[in-house]
Amino acid sequence: MMPPTEPRWVRYTLITVAMLFLTGLVVLPLLLVFAEALRQGLSAYFTALTDPDAWAAIKLTLLTAAVAVPLNLIFGVSAAWAITKFDFKGKSLLITLIDLPFSVSPVIGGLIFVLLFGLQGWFGPWLRANDIQILFTPIAIILATIFVTFPFVARELLPLMQEQGRQEEEAARVLGASGWQIFRRVTLPNIRWGLLYGVLLCNARAMGEFGAVSVVSGHIRGETNTMPLHVEIMYNEYAFTGAFAVASLLALLALVTLVAKSLLDAVLERREQRVP
Amino acid sequence: MTSLPSPLDSPTLPPSPTYLRRWGWKRPSVLPGFGLTMGFTLFWLSLIVLIPLGGMILKTATLGWDAFFNAISTPRVLAALRLSIGGALIAAIINAVFGSIIAWVLVRYRFPGRRLADALVDIPFALPTAVAGIALTTLFAQNGWLGAPLDKLGIQVAYTPLGVIVALIFVGLPFVVRTVQPVLADLDPEIEEAALCLRASRWQTIRRVILPSLFPALVTGTALAFARAVGEYGSVIFIAGNLPMVSEIAPLLIVIKLEEFSYAEATAIGTVMLSFAFLMLLALNGLQRWSRRYEEA
Amino acid sequence: MIFFRRTLLAGVLALVAAPGFAADVTMLNVSYDPTRELFSEANKVFAAQWKAKTGNTLRVRASHGGSGKQARSVIDGLAADVVTLALAYDIDEIADNKLLRADWQQQLPDNAAPFYSTIVFLVRKNNPKSVQDWNDLVRADVKVITPNPKTSGGARWNYLAAWAYALKQPGGTDATAKDFVRALFKNVPVLDGGARASTITFVQRNIGDVLLAWESEAFLAQNELGKDKFDIVIPSLSILAEPPVAIVDSVVDKRGTRAVAEAYLKFLYTPEGQALGAKHYYRPRLAEVADKVADKFPKLTLVTIDAQFGGWRNAQKTHFSDGGTFDEIIK
């Protein structure tokens with residue numbers, strides 16, 4: 001039964017206000033990215049995308065995500081297992097610390113690695129003496145990305161695994177299953193959609209991170225520019241088509257992420273309905 | 001308290017201190033893997049988060065109190081902190097209003113395009129901040145799609161503090177909608193029916209019945225939007241104009257200080273922002289616990 | 001899913017590794033903001049020459065940004081083989097950190113600056129605010145665009161040129177100059193990090209009435225966006241801006257790239273390098289090239305940093321260090 005509702009004019013006003021707000025703030029910027037990217041025509045668009053520097057940026061972004069996401073995936077699963085399957089003191093503090101990168105400014109995510117690995121930082125002189133370069137290389141970019149995407153998988157899994165409790169795992173244990181078997185056969189099937197969801201968000205953020213990466217990158221063309229940094233550089237060079245062309249790829253990534261998320265939501269909803 | 005355990009709660013510990021002493025810091029369990037997963041979690045957490053952040057705090061500590069205080073009390077730093085925090089607060093309040101309207105419309109009304117609109121709410125989560133930054137800037141610039149008509153009305157958005165707020169509204173929007181939406185969907189229609197039977201007007205029902213039950217979720221969502229906006233960088237720097245004392249946000253000032261080689265000031269501002277983020281997180285944890293208890297009451 | 005991940009990872013690694021073998025030699029030129037176009041062309045020409053001469057494939061990588069910021073990145077460990085920055089002090093600072101020799105400015109002719117330039121005004125078409133000289137910039141109705149002197153080299157030249165103008169006025173003292181520059185910065189609505197960002201603000205975003213810019217940047221803006229949109233105004237006096245170049249000894253010695261780095265910088269002094277500079281609106285040093293393009297560059301009185309401000313170290317200390325004149329002005 002639908003609850004009582006408002007007069008027609010109130011409904012229409014509210015819908016209009018909500019949709020205008022969404023249009024102005026979300027839809028128009030999204031449309032604008034594609035409009036600007038295609039303003040000089042398709043061939044200019046593809047020229048911009050096949051530019052060697054743009055291509056190098058795309059590859060670096062893929063590499064960054066390919067390293068950062070699996071590492072945070074392993075971390076997220078392991079942290080969620082330790083936190084939800086066991087009781088120990090200081091759990092609350094541990095969770096807050098895991099959450100910290102989420103609420104701290106991304107710029108700080110870059111700053112801390114400059115302070116560690118910069119020539120003026122804690123380990124800088126030692127690294128230089130041993131001929132190891134970290135700051136202004138892809139390694140620093142990957143580290144900064146891992147930092148900002150740190151809590152993403154864990155945050156998705158924690159409430160999910162908490163809700164599912166421990167009985168199934170404990171039963172499996174009593175029946176003689178090993179730890180790995182329990183995880184593979186009992187836990188994983190329960191959390192796989194939530195896990196995928198976390199990976200999705202983690203990946204979107206890893207590919208799109210700007211602030212932290214910008215601080216540690218050094219902005220060497222074709223070498224340490226990720227896609228968002230390339231967008232900024234092109235934007236600062238009057239090369240608006242180039243900037244928005246690469247931006248349109250990132251916007252596409254966002255759209256794909258959202259579609260996948262909607263599909264996941266639908267799957268989850270159906271599963272919930274099946275369980276009485 | 002017999003609530004659903006939440007990851008944000010510490011486990012309900014048995015009251016007896018002798019029992020506490022018996023299982024030390026960890027309650028025994030038949031499940032395997034604690035040592036491995038806890039070990040890896042702490043190792044990775046230390047490596048990526050704690051040691052680097054500790055390095056920053058240590059660097060700040062070497063400054064000494066006076067130098068630290070001098071670094072963060074210059075008018076420029078104070079103005080930047082004021083803009084970051086004040087702008088985030090204004091943006092969060094605007095999001096609270098419009099976010100609730102959007103959540104209300106999405107849950108309560110059926111209209112063409114509702115599902116699409118629902119999906120679009122998440123765009124600010126998924127769209128990289130730099131892309132959002134250049135798109136909003138182009139949109140609101142004097143010759144932009146929205147900037148041009150606004151300019152005719154004498155309103156300048158891009159390159160003013162107003163632009164900062166627009167960007168912060170953008171990044172915070174999904175937090176309010178996504179926190180309020182599920183609570184709204186779970187509201188029992190019978191309560192509203194009852195209010196109607198008691199001859200409450202619709203407005204009275206909303207004010208006295210619906211809003212109070214949404215309140216904790218609304219506060220939590222607003223706080224999340226606020227926390228996210230305080231540290232925002234990518235989407236703001238393009239649209240802000242970055243004028244010292246006027247439209248320069250704190251994270252940008254960190255970057256500028258770094259570029260000026262004033263490590264001390266950069267770390268000092270960084271430490272202030274880190275402490276603020278930590279306090280926000282603690283407040284949020286408290287808020288979420290409160291709102292769960294509220295829901296069950 | 002694990003299989004998928006593995007293939008993806010392998011694919012990505014292959015993608016990234018592939019182009020690494022194409023180039024025999026690479027070098028990194030860390031440069032300031034408005035030289036993007038100049039070096040993107042010069043790097044290709046030089047790489048072709050190098051290939052013809054040595055048979056080695058050379059890839060010159062470039063990084064651009066505000067000059068001060070770039071210097072600090074190098075000090076922080078950015079492995080630049082050569083630096084080509086907006087002003088000598090920024091390279092001095094790298095030298096102070098022992099990354100290159102202290103007498104770097106004696107290693108190449110003309111104070112190690114292969115080109116020179118100056119600061120001019122870019123105004124909107126037909127100069128609607130009728131800006132003719134520096135004193136028009138402090139008028140209440142004029143909005144001035146300049147980058148931040150703390151991070152941008154061009155902005156420091158802007159600032160010092162304005163200062164020098166105020167000093168040369170009748171009754172001009174350091175105190176009147178300071179007031180003049182303070183009044184000028186009161187008229188600045190946007191303070192970007194680098195010269196290029198300021199140009200964007202003025203040209204693309206339509207903010208401000210005057211852009212204080214490198215002469216090269218002003219010409220570029222005028223030509224990239226059509227002659228009908230902007231005019232260049234030459235003030236009665238400006239400053240001789242020498243953007244210098246240097247080899248970063250600590251890096252080339254470690255990487256074994258000294259020969260190519262030296263050749264690269266010397267190339268900028270050759271007729272071909274000088275012509276490339278002139279093409280991108282940098283004033284050439286070599287007489288034979290300068291004569292050919294003389295009509296391109298207007299003549300004006302240029303004060304020098306050494307005569308007017310006692311060299312860059314002094315100017316930096318007085319004006320741009322923490323608590324210096326600039327800090328007092330923007331308070």
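So you know, we letter chains A, B, ... as the sequences are listed, proteins then strands, and number each from 1.
Proximity to chain A is limited to the side chain of C:Leu28, based on heavy atoms less than 4.5 angstrom apart. Only the side chain of A:Glu223 has a heavy atom closer than 4.5 Å to any heavy atom of chain C. Of the atoms belonging to C:Asp192, not a single heavy atom falls under 4.5 Å from chain A. For a residue to count as touching a neighbouring chain, one of its non-hydrogen atoms must lie under 4.5 Å from one of that chain's; by this rule A:Phe240 touches chain C with the side chain only. For A:Ile233, the parts lying near chain C are the backbone and the side chain together; criterion is any non-hydrogen pair under 4.5 Å.
Under the 6.0 Å cut-off for aromatic ring centres, A:Trp126 and A:Phe117 do not qualify, their centroids lying 6.0 Å or more apart.
Side-chain N/O atoms of C:Asn43 and C:Arg59 include no donor and acceptor closer than 3.5 Å. A donor-acceptor contact under 3.5 angstrom links the side chains of C:Glu217 and C:Thr199, judged on distance only.
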task: Give the intermediate values and the outcome of side-chain contact (heavy atoms from CB on, under 4.5 Å) for residues A:Met227 and A:Met207.
output: CA-CA 8 Å; A:Met227 286 164 80; A:Met207 289 192 171; over 6 Å; no
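Looking only at heavy-atom pairs under 4.5 Å with chain A, the residue among C:Gln70, C:Arg61, C:Glu37 that has the most is C:Arg61.
With respect to A:Asp131 and C:Arg255, no salt bridge is recorded, no charged nitrogen being found less than 4.0 Å from a carboxylate O.
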